[in-house]
Amino acid sequence: MEAVSLQVVERTAAELLRLAVTVLPRDVREALERAYETETSDIGRAQLEAILEDVRLAEETSRPICQDTGTIIFYVRLGSDFPLRRGLYDALVRATRRATQEVPLRPNAVDPLEERNTGDNTGRYIPYVHWELFDGDYLELTAFPKGGGSENTCRLGMLSPALGLGGLKKFVLDSIIEAGGKPCPPVIVGVAVGGGSDIAMELAKKALLRPLDVPNPNPELSKLEEELLRAINDTGIGPMGLGGRWTALRVHIDYACRHPASYPVAVATQCWAARRASARIYADGSVEYLTHEVG
Ligand code: SF4
C-alpha cells in the first residue's frame with residue numbers, strides 16, 4: 001500500500017467524476033424504477049422508460065448519462081489528522097482537467113467577462129470546493145457535477161417572517177410550478193429555511209447529497225418533506241414536464257437559525273440525473289468508495 005499522496009487524491013477525484021457522470025447512485029436508480037412502475041400517465045411512463053434505458057446504457061458503456069456533465073463541484077471533509085493539506089485544491093483542479101479529457105466531460109466553464117469557454121472545466125472558482133473540517137483521520141471527497149437546466153430553476157426567497165411555514169410551502173410550490181419541465185423532472189428538491197441568503201442556499205444544495213432512502217432524522221421535517229412531495233406531485237407536471245404522477249422523487253429539508261427580521265427560503269432543484277460519487281481516502285493511501293462499487 002502506498003502512503004497517501006496528492007497523486008492518490010487526484011486519481012480518486014478523477015475516478016469519482018467518472019463514476020458520478022456515468023453511473024447513477026443505487027438509491028436514485030431505485031427511486032426512478034419505482035416511479036416507472038407506479039406512473040399512471042402513458043407519456044410519463046414512456047419518459048421514465050427512456051430515462052432508465054439511458055441510465056443502463058451509460059453504465060454499460062461507461063459514457064455520460066447526460067450530454068450536460070455539469071459544473072464541477074466537490075464537497076470535501078478534511079479530517080484534522082489527515083496528513084495532506086498543501087496542494088489539495090490544485091490536485092482537484094488537475095483531476096477535473098484529467099476527467100474532462102478522459103471521460104470525457106463537456107467543457108462547461110465559461111468566463112462571464114470574456115464570454116469564453118475555458119475548455120477544460122476549470123477557471124476562476126471552478127471547480128468549486130465546499131470545505132469542511134472535522135475531527136478524524138481521513139479525507140472524504142464527494143464529486144457533485146451539477147447540470148445547468150436544473151440549476152437555472154433554483155430559487156431564493158427572502159420572505160417576511162410573518163409568513164412562517166405557510167409562506168415556505170407556497171414559495172416551494174410556486175418555484176416548482178414556475179420551473180415546470182425545465183429542470184428535467186422527476187426532480188429531487190432541496191429546501192432550506194433560515195440562516196441568511198447564502199446559508200439557506202448552501203444548506204438546500206447540501207440536502208441534495210442525502211441518499212433518497214435515508215429519512216430525515218427530524219420527525220417534523222420528515223412530515224413536511226412528505227407533505228411537500230405530495231403537493232409537488234399533485235401539480236401533474238410529470239416526467240420531463242409532459243404530465244404524470246412523478247414530478248419529484250423526494251423533498252429534502254434542512255434549516256438554520258435565522259435573524260429575527262429574516263426568513264430566507266432556498267429551493268434547490270436537482271434533475272433526475274442526480275449525480276454524486278463519494279470516497280474516503282486514508283493516511284495509508286487506501287481508498288474506500290462509498291456510493292459506487294469499484295472492482
Ligand atoms: S437538467 Fe440534468 S438531465 Fe436535464 S439536460 Fe441538464 S444535466 Fe441533463
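Computed from heavy atoms alone, side chains included, the values below leave out hydrogens, waters and symmetry copies. Note that the structure is predicted; figures quoted are calculated from it, not measured. Ligands are counted one by one from 1 in listed order, and the atoms in each one are counted from 1 as well.
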Note to self: Taking CD in Q67 as the centre, count heavy atoms belonging to other residues, nucleotides or ligands within less than 6.0 Å. Is the count above 12?
What the structure shows: yes
Note to self: Surrounding CZ of R56 (heavy atoms of other residues, nucleotides or ligands, distance under 6.0 Å), is the total greater than 12?
What the structure shows: yes
Note to self: List ligand 1 atoms under 4.0 Å from Q67, heavy atoms only on the residue side.
What the structure shows: 5 (S)
Margin query: Would a single hydrophobic cluster contain both L229 and I177, if residues Ile, Leu, Val, Met, Phe, Trp and Tyr are joined by side-chain heavy-atom contacts under 4.5 Å?
Written below: yes
Next item on the list: Have a look at ligand 1 and work out which part of R275, if any, has a heavy atom under 4.0 Å from it: side chain, backbone, both or neither.
Entry: side chain
Margin query: My understanding is that a hydrophobic cluster links ILVMFWY residues whose side chain heavy atoms are under 4.5 Å apart, including indirect links. Using that, what else belongs to the cluster containing L203?
Written below: I199
Next item on the list: Could you give me a count of protein N/O/S atoms that are under 2.8 Å from atom 2 (Fe) of ligand 1?
Entry: 1
Margin query: With rounding to the nearest 0.5 angstrom, report the CD1 to CD distance, I253 to E225.
Written below: 5.0 Å
Margin query: Checking E288 now: which residues fulfil side chain to side chain donor-acceptor pair (under 3.5 Å) with it, not counting sequence neighbours?
Written below: Y282
Notebook entry, point to check: So which pairs with a foot in residues 79-92 pass salt bridge (Lys or Arg N to Asp or Glu O under 4.0 Å), sequence neighbours left out?
Noted result: none
